[in-house]
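These numbers come from a predicted model, not from an experiment. For reference, positions follow the sequence shown, starting with 1. Side chains included, hydrogens not; waters and symmetry mates left out as well; all remaining heavy atoms used.
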Amino acid sequence: MVVKASKAEKKINYDKKLCELLDTYQQILIVGADNVGSNQLQMIRKGLRGDSIVLMGKNTMMKRSIRVHAENTGNNAILALIPCLAGNVGLIFTKGDLKEVSDEVSKYKVGAPARVGLVAPIDVVVPPGNTGLDPSQTSFFQVLNIPTKINKGTVEILTPVEIIKKGEKVGSSESALLSKLLIKPFSYGLIVQSVYDNGSVFSPEVLALTEDDLAMKFAAGLTNVVGLSLILDYPTLAAVPHMFINSYKNVLSFALATEYSFPQAEKLKEYLKDPSKFAAIAAPVAAAPDASAKAAPAKEEKKEEPEEDDDDFVGGLFD
């Protein structure tokens with residue numbers, strides 16, 4: 001005869017399991033589990049078997065176990081999990097790639113009917129077309145103000161109609177109609193709400209960032225640092241090259257406008273006195289074998305480059 005464990009024993013076993021997982025895993029996905037059934041949860045467990053473990057439980061019990069474990073081990077980083085334990089949530093402990101685990105979890109969503117009293121997570125639109133229902137069912141459509149006509153002995157919807165808006169509760173008429181049309185408008189599954197990684201908690205949107213996104217964010221931040229440094233005249237590693245170039249341009253401009261001079265300015269003054277010397281700096285442009293209408297504008301643009309780009313010209317003087 002199998003003896004069932006008491007509530008106290010179940011709590012002790014749960015606390016022990018949670019503490020072992022906290023010691024073993026440094027990456028945790030906090031997932032919302034609203035409207036997720038036991039069979040669906042079992043499928044998710046099977047799909048994640050190997051690198052990940054799904055643990056559900058009462059929030060009060062999880063919070064207590066985390067606090068006690070943090071006090072006993074001195075690992076205060078796990079206390080960052082406590083604010084995330086609100087509502088119907090569970091924990092997925094993993095050693096795999098967080099993005100891959102999150103994508104795997106999102107695969108296990110199942111369609112669900114619009115039950116009466118349920119708050120709609122999305123807008124529900126009934127598409128036009130033949131419903132397959134006999135004319136005696138037109139009362140459902142009339143209650144919801146859905147335009148219909150009888151076509152070949154069946155009810156046909158003329159235009160798409162939004163019958164439920166996001167955030168509204170599903171009424172009995174809407175539920176009955178969608179059930180008759182065999183429409184399951186909602187889909188439910190585990191939804192990643194937060195991500196815990198070695199003491200840091202962040203939004204799951206971060207997992208979707210690519211290397212290109214990170215490079216763009218870094219470049220934008222670097223541009224802001226350079227701009228702020230130049231405005232405040234505060235030297236930073238990113239702004240120092242620009243400060244040197246700007247200072248050199250100012251000194252060079254002063255030397256050209258006055259009698260003051262230095263070796264680099266003398267060389268530039270020579271070129272300004274004799275513009276023909278610019279030809280020695282400008283790169284020769286190879287003539288195209290046959291002059292076409294498309295090639296001609298490109299050739300003219302290349303010839304104008306040395307005059308338009310001052311930085312390239314000054315750099316060429318002192319290479």
Check for a donor-acceptor pair, side chain of [X] on one end and backbone N or O of [Y] on the other, with a separation under 3.5 Å.
X: Q40; Y: Y188; answer: yes
X: S175; Y: A114; answer: yes
X: E168; Y: A120; answer: no
X: D15; Y: K11; answer: no
X: N59; Y: N88; answer: no
X: S65; Y: M62; answer: no
X: N130; Y: E156; answer: no
X: T131; Y: V155; answer: yes
X: T223; Y: A219; answer: yes

Given [options], the one that forms side chain to side chain contact (heavy atoms under 4.5 Å, CB included) with [X]:
X: Y248; options: I245, L252, V251; result: L252
X: I92; options: I53, V31, I30; result: V31
X: I146; options: T159, I157, L158, T138; result: I157

Problem set entry | Neighbour count >12 (heavy atoms, 6.0 Å) for atom CZ, F244 | no

Exercise. Is it the case that more than 12 heavy atoms not belonging to E211 sit under 6.0 Å from its CD atom?
Worked result: no

Kindly compute the distance separating [atom1] ([X]) from [atom2] ([Y]), expressed to the nearest 0.5 Å.
X: Q27; Y: S200; atom1: CD; atom2: OG; result: 11.5 Å
X: L181; Y: L133; atom1: CG; atom2: CG; result: 5.5 Å
X: L85; Y: K58; atom1: CG; atom2: NZ; result: 15.0 Å
X: D197; Y: L29; atom1: CG; atom2: CG; result: 9.5 Å
X: L91; Y: S52; atom1: CG; atom2: OG; result: 12.5 Å
X: I78; Y: Q26; atom1: CD1; atom2: CD; result: 9.5 Å

When clusters are formed by joining ILVMFWY residues with side-chain heavy atoms under 4.5 Å apart, either directly or through shared neighbours, do [X] and [Y] land in the same one?
X: V201; Y: L207; value: no
X: L21; Y: V192; value: no
X: L41; Y: I191; value: no
X: F93; Y: L81; value: yes
X: I150; Y: V126; value: yes

Please tell me if the side chains of [X] and [Y] come closer than 4.5 Å, counting only heavy atoms from C-beta onward.
X: I12; Y: K16; value: no
X: L144; Y: V161; value: no
X: V170; Y: I164; value: yes

For this session: Answer yes or no: is there an ion pair linking K17 with E20, defined by an N-O contact shorter than 4.0 Å?
Result: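 Looking at K17 and E20, the cut-off is not met.
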
For this session: Dump the intermediate steps for side-chain contact (heavy atoms from CB on, under 4.5 Å) on L228 and Y234, then the final yes or no.
Result: CA-CA 8 Å; L228 183 62; Y234 183 82; over 6 Å; no

